[in-house]
Amino acid sequence: MSFTRRNLLLLAAAFGIAAGPATAYAQETLNVGAYPTNPPFEYKNESGTFEGFEVDIVNEAAKRIGMTTEIADLGFQALFAATTSKRIDVAISSITITPERLKSQAFSQPYYDSDMGIAAKADSPIKAEADLKGKIIGVLSGSTGEVWTKQHQEAGGFSEVKGYDTQQNLLLDLSAGRVDAAVSDIPGLEYSFTRMKDLAVKERIKTGEQYGLMMAKDHPLLGKLNDALTAMKEDGTLAAIHKKWFGSDAPADSSTVKEMPMPKA
């Protein structure tokens, strides 16, 4: 009995259908979305390549599950729609794990602990939250800094909350005096202020915020990437990445070092 080309194509198709469920997620590239001006967590270098603390984390986690990464440049707010629509597999950009976000997104275990800060010009009379009455406060749109500021606007008497599409534009306006203060994550502010000497963090807002990899709720790789993070904590890789980008050892009780439970809604 001889097989025609049509027979071979049909046979190949049959095998392909049979193998479908087992190879449904056989892609080799982990599609990552990142906000491009968020050093030292992620930013584009002069050649246009992403670098940073979270870039190293997601690259290493992907490597451990047999994948490579492709990182797309997205605005901060766009990251949430991109994971939900599965345009990307993972979002990074110092994304705080919150109960509200867990209603529509999934997160890996946290790998970084952070607080927010109130920043102003170094010579500004603003020293603390109490000094913000009647002031214009700048925030990154869609961030937890925006949430906090709007929640405290009425009680604090802030005259206006002004949203920005990038941290860079926010801090440039702060330096130029177009806003009186900014509320944002401490690490990003302190990193920026190593170069913007006229600005300073005036007060730390203790929030207990933690960052994780953000993915769609039903994403099949969430558990594997979470396990990779656990292994990176256990063998010291995550601590070494922290040392590389922040120049200091992560606290022994921090989520950078300790295995943590995966957040649940």
Side-chain angles (χ1 to χ4, degrees), residues 34-35 37-42 53-54 74-81 83 91-105 107 110-122 124-175 177-193 196 199-214 254-256 260 263 265:
Y35 172 58
T37 54
N38 186 37
F41 293 95
E42 45 275 314
F53 174 67
E54 289 180 299
L74 295 174
F76 186 78
Q77 287 181 298
L79 293 170
F80 298 87
T83 51
I92 56 172
S93 289
S94 53
I95 304 173
T96 302
I97 303 164
T98 69
E100 186 63 30
R101 288 172 178 168
L102 283 167
K103 292 177 182 177
S104 58
Q105 306 284 342
F107 283 86
Y111 49 72
Y112 190 84
D113 303 336
S114 179
D115 288 321
M116 287 190 298
I118 295 170
K121 284 190 174 183
S124 169
I126 294 172
K127 303 296 182 186
E129 182 184 345
D131 300 321
L132 299 180
K133 185 175 182 180
K135 305 298 185 184
I136 300 172
I137 316 301
V139 295
L140 179 64
S141 296
S143 70
T144 50
E146 179 181 45
V147 173
W148 183 91
T149 304
K150 288 185 174 179
Q151 286 176 342
H152 291 76
Q153 182 174 9
E154 184 175 353
F158 314 153
S159 66
E160 182 184 348
V161 178
K162 190 173 180 180
Y164 288 83
D165 58 346
T166 70
Q167 182 94 331
Q168 181 180 13
N169 287 340
L170 164 59
L171 297 181
L172 286 173
D173 265 16
L174 179 62
S175 183
R178 286 185 280 270
V179 295
D180 300 299
V183 175
S184 191
D185 296 329
I186 287 275
L189 290 174
E190 290 182 335
Y191 183 88
S192 296
F193 297 167
M196 303 179 76
L199 303 178
V201 175
K202 295 303 188 90
E203 183 179 34
R204 179 178 289 267
I205 303 169
K206 299 294 288 185
T207 61
E209 291 188 11
Q210 295 180 312
Y211 306 153
L213 302 177
M214 187 173 76
S254 71
S255 65
T256 305
M260 306 290 285

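These figures come from a predicted structure and were not determined experimentally. In what follows, every heavy atom counts, from backbone to side chain, and hydrogens, waters and symmetry copies are set aside.
In plain terms, the two heavy atoms of Ser141 and Gln77 that are nearest each other are O-CG, 3.5 Å. When all heavy atoms are compared, the tightest approach of Leu170 to Leu140 is CD2-N, 4.0 Å. Nearest heavy-atom pair, Asp115 versus Gly208, reported as atom, atom and distance to 0.1 Å: OD1-N, 3.4 Å. Residues Gly145 and Val139 come closest through the heavy atom pair O-CG1, 3.8 Å. Looking at every heavy atom in both residues, Val201 comes nearest to Gly117 through CG1-CA, 4.4 Å. Across every non-hydrogen atom of Glu129 and Glu203, the tightest pair is N-OE1, 2.7 Å.
Here the CZ-CD1 distance, from Phe158 to Ile136, works out to 13.0 Å after rounding to the nearest 0.5 Å. For the atom pair Lys133 NZ and Ser159 OG, the distance stands at 12.0 Å (nearest 0.5 Å). Atom CE of Met260 and atom OG of Ser254 lie 9.0 Å apart (nearest 0.5 Å). Atom-to-atom distance recorded for Leu172:CG and Thr166:OG1 is 7.5 Å, nearest 0.5 angstrom. Taking CG of Asp185 as the reference point, atom OG1 of Thr207 lies at 7.5 Å (rounded to 0.5 Å). Interatomic distance, CD1 of Ile137 versus CD1 of Ile126, reported as 6.0 Å (0.5 Å rounding).
Annotation: Lys150, atom NZ; neighbour count of heavy atoms from other residues, nucleotides and ligands within 6.0 Å does not exceed 12. More than 12 heavy atoms of other shown residues, nucleotides or ligands fall within 6.0 angstrom of atom NZ in Lys127.
At distances below 3.5 Å, at least one donor-acceptor pair connects side-chain atoms of Ser255 with backbone N or O atoms of Tyr112. Proximity of a side-chain donor or acceptor of Lys202 to a complementary backbone N or O of Lys121 within less than 3.5 Å is detected. Within the 3.5 Å criterion, the main-chain N or O of Tyr111 finds a donor-acceptor partner in the side chain of Thr256. Although no hydrogens or angles enter the test, the distance criterion places a donor-acceptor pair under 3.5 Å between the side chain of Ser93 and the main chain of Tyr35. Remark: the backbone N or O of Arg178 is not paired with any side-chain donor or acceptor of Lys162 at under 3.5 angstrom. Of the possible donor and acceptor atoms, none in the side chain of Glu146 sits under 3.5 Å from a partner among the backbone N and O of Gly163.
Side chains of Tyr164 and Leu171 form no contact here, defined as non-hydrogen atoms less than 4.5 Å apart. The side-chain heavy atoms of Phe107 and Arg101, taken from C-beta on, include a pair separated by under 4.5 Å. Using a 4.5 Å cut-off on side-chain heavy atoms (C-beta onward), Phe41 and Ile92 make no contact.
None of Val147, Ile118, Thr144 except one satisfies the side-chain contact (heavy atoms from CB on, under 4.5 Å) rule with Val183; the exception is Ile118. For the side-chain contact (heavy atoms from CB on, under 4.5 Å) with Ser94, the qualifying choice from Gln167, Glu54, Glu209 is Glu54, the only one to do so.
Using the six-membered ring where Trp is involved, Phe80 and Phe76 have ring planes that are perpendicular, over 60° apart on the 30 and 60° scheme.
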